[in-house]
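Here the structure comes first, spelled out in structure tokens, and everything after it is commentary.
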Amino acid sequence: MASFHGNQTTSSTTTLTHSPIYHSIILAGPRLKPLQQIHARIIITGLGRTRSLITKLLSFAYAAASPISYTRRLFFSIPKPDTFLFHSLITLTSKFSFPQESLLCYRRMLLANISSSNYTFSAVIKSSADLTAFSIGETIHCHVYICGYGLDAYVQAALVSFYAKSGHVMIARKVFDKMPEKTVVAWNSMISGYEQNGFGKEAVELFFFMQDLGVKPDSSTFVSLLSACAQVGAIGLGFWVHEYIARNCFDLNVVLGTALMNMYSRCGNVSKAREVFDSMEEKNIVAWTAMISGYGMHGHGSQAIELFNEMSFDGPRPNNVTFVAVLSACAHAGLVDEGRQIFTTMKQEYGLVPSVEHQVCMVDMLGRAGHLNEAYQFIKNTSPKEPAPAVWTAMLGACKMHKNFDLGVEVAEHLLSIEPENPGHYVMLSNIYALAGRMDRVEKIRNIMIRNRLKKEVGYSTIDVDHKVYSFSMGDKSHPESNQIYLYLDELMSRCREAGYIPASESVMHEVEEEEREYALRYHSEKLAIALGLLKTGPGVAIRIVKNLRMCEDCHTAIKYISILANREINVRDRLRFHHFKDGSCSCQDYW
């Protein structure tokens with residue numbers, strides 16, 4: 001007979017509870033209520049301090065996303081956890097996205113004077129990254145060296161990922177470069193770190209270095225690389241990756257397939273993106289939403305709505321992000337009635353509460369179509385609180401587009417009152433004042449920016465030529481063939497003027513003279529990138545440019561003329577959408 005807290009059990013019961021049956025019961029039902037019932041039974045039968053059972057309870061409590069209060073009580077119910085238990089719990093909590101619990105276990109393990117392993121360090125470093133707890137991660141990095149794991153491949157790969165996710169890409173690269181042996185996981189972490197921090201060009205260059213060293217990539221490598229290709233518009237490399245995947249019989253799972261589809265969409269080939277989408281055996285909500293978004297950024301609003309309707313009927317249930325994608329598609333295509341209906345459907349049929357992103361889409365859609373009063377009333381009526389700055393920014397862009405200067409000034413001044421440190425608002429307000437002929441106000445805005453040391457965001461454009469990405473900013477002369485590029489561009493722009501092109505000097509902030517403004521316009525980054533593309537590619541090859549900001553009106557007009565004179569198709573992806581220039585016209589129909 002065995003007793004526990006005054007309760008007696010039969011020997012058969014004791015034998016049963018010591019058998020594997022309790023372990024199998026736990027494995028059978030990882031939901032909170034059954035777990036608690038089993039936990040109670042374990043305590044009653046006198047096994048409340050059996051480490052193997054409590055460890056399994058904790059494992060499935062974390063897997064089932066049980067309340068932290070319950071899992072924490074389970075953890076602290078163990079009087080003297082051993083090394084195996086600590087290591088198991090730290091790994092589990094990190095794996096199942098309980099980073100705070102992982103670090104709590106690690107702290108308790110240190111207090112118990114129990115040594116860490118390479119797996120433990122990898123787990124807590126990941127948890128630090130998940131919490132963006134940079135100082136904690138740095139401290140753990142010190143522990144790594146003290147405990148002699150400074151050269152461990154797993155730990156170093158985790159450190160590379162941690163520093164990259166924390167935004168410290170240069171430190172991540174230093175850790176990466178010092179690794180004596182670099183596993184494919186380490187290469188993936190560094191490539192992904194570059195891509196996630198906006199360094200797509202560096203990610204691509206690192207992949208080529210990886211290839212030169214003969215390191216064989218895996219699916220995770222290609223997911224990050226395809227995202228980097230999408231970022232900089234490197235469709236040539238993207239094609240090569242697609243061929244490599246097919247040639248080496250990689251499984252086109254939903255993650256890799258979505259990355260490939262997104263690459264084609266963002267590099268200007270939406271029909272190829274649809275081919276990949278249709279070939280995917282498994283399509284989750286991310287894949288559906290990515291394809292809808294791809295149609296939207298190319299101005300194919302009708303196709304986006306058609307696919308959205310198909311998804312609603314025979315696909316996963318649309319979520320908030322899906323509705324952002326389809327509303328944005330409506331905005332870019334001028335489908336106002338359809339957008340209104342979809343917005344109503346989102347609220348009434350799906351019970352979703354409009355977020356800032358949905359509000360921005362609606363204001364953008366109404367404003368682009370010229371319904372400025374409706375857009376303004378939408379802002380006033382939609383949110384009981386102060387609307388987000390992004391909503392007002394969409395309204396301001398519509399006012400500038402339709403030259404409603406009075407409302408534009410009102411909106412811009414309101415934006416400055418809630419975001420006084422945002423230089424973009426000052427630039428927009430300055431341009432609105434200039435278009436309205438209020439040069440005294442332009443001077444005032446310029447002086448405020450100088451006094452507050454506010455600078456306009458630097459624009460740059462990238463182009464992929466022969467699998468190499470080149471980047472240009474305005475007036476950039478860093479390219480070794482800059483002299484040829486500038487001579488060619490000067491000649492090209494002269495031919496454009498002869499054909500009827502007139503520089504839109506209002507596209508430059510009005511603090512310089514007319515002649516200086518025309519000079520600044522001529523050497524905008526996208527024109528320099530196009531000049532390089534025309535010089536380095538053969539007749540009939542499409543030119544593909546990626547611009548980090550919204551393309552200005554002057555460049556939009558100039559590229560129309562260039563597409564005629566060069567007899568080339570020119571695709572430009574700016575911050576807002578795609579522009580496909582051919583034979584003097586643009587796919588956006590001057591609606592962007």
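- Checked against side chain to side chain donor-acceptor pair (under 3.5 Å), N197 has no partners two or more places apart in sequence or in another chain.
- In terms of modelled atom types and a separation under 3.5 Å, the side chain of Q231 and the main chain of E195 share a donor-acceptor contact.
- Counting only heavy atoms from C-beta outward, the side chains of K272 and H242 approach each other to under 4.5 Å.
- With R544 as reference, N571 is the one residue of T462, N571, V572, I463 to meet the side chain to side chain contact (heavy atoms under 4.5 Å, CB included) rule.
- By the side chain to side chain donor-acceptor pair (under 3.5 Å) test, E457 is found to be paired with R575, residues two or more places apart in sequence or in another chain being considered.
- Ion pairing between a basic and an acidic side chain is recognised when a charged N comes within 4.0 Å of a carboxylate O; E526 and R573 show no such pairing.
- For the pair H580/C586, no side-chain contact is recorded, criterion being any heavy-atom separation below 4.5 Å from C-beta on.
- Ionic pairing of R495 and E498 is not present here: no N-O contact between side-chain nitrogen and carboxylate oxygen is shorter than 4.0 angstrom.
- Looking at R173, its side chain never comes within 3.5 Å of a backbone N or O of M190 through a donor-acceptor pair.
- Although no hydrogens or angles enter the test, the distance criterion places a donor-acceptor pair under 3.5 Å between the side chain of Y486 and the main chain of G475.
- Side-chain N or O atoms of H579 include none that pairs as donor or acceptor with a backbone N or O of S587 at under 3.5 Å.
- Under the 3.5 Å distance criterion, the side-chain polar atoms of H332 are left unmatched by any main-chain donor or acceptor of H298.
- A salt bridge links D337 to R340: at least one charged side-chain nitrogen sits closer than 4.0 Å to a carboxylate oxygen.
- In the displayed structure, L213 atom CG is contacted under 6.0 Å by more than 12 heavy atoms of other residues, nucleotides or ligands.
- At least one donor-acceptor pair under 3.5 Å links the side chain of S563 to the backbone N or O of K560.
- Contact of the K165 side chain with the T132 side chain is not registered, since no non-hydrogen atoms from C-beta on lie closer than 4.5 Å.
- More than 12 heavy atoms of other residues, nucleotides or ligands lie within 6.0 Å of CZ in F250, so this atom counts as buried by the packing criterion.
- Using a distance-only test at 3.5 Å, with no hydrogens or angles considered, no donor-acceptor pair links the side chain of S430 to the main chain of Y426.
- Panel note: side chain K403, backbone K400; no donor-acceptor pair is recorded below 3.5 Å.
- Atom CE of M179 has more than 12 neighbouring heavy atoms from other residues, nucleotides or ligands inside a 6.0 Å radius.
- Remark: aromatic rings of H479 and Y470 are close, center separation under 6.0 Å.
- The pair D554-K527 counts as a salt bridge, with a side-chain nitrogen and a carboxylate oxygen less than 4.0 angstrom apart.
- No more than 12 heavy atoms of other residues, nucleotides or ligands lie within 6.0 Å of CZ in F199, so this atom counts as exposed by the packing criterion.
- Counting only distance, with no hydrogens or angles, the side chain of T183 and the backbone of A186 share a donor-acceptor pair below 3.5 Å.
- Under the 3.5 Å distance criterion, the side-chain polar atoms of D364 are left unmatched by any main-chain donor or acceptor of A394.
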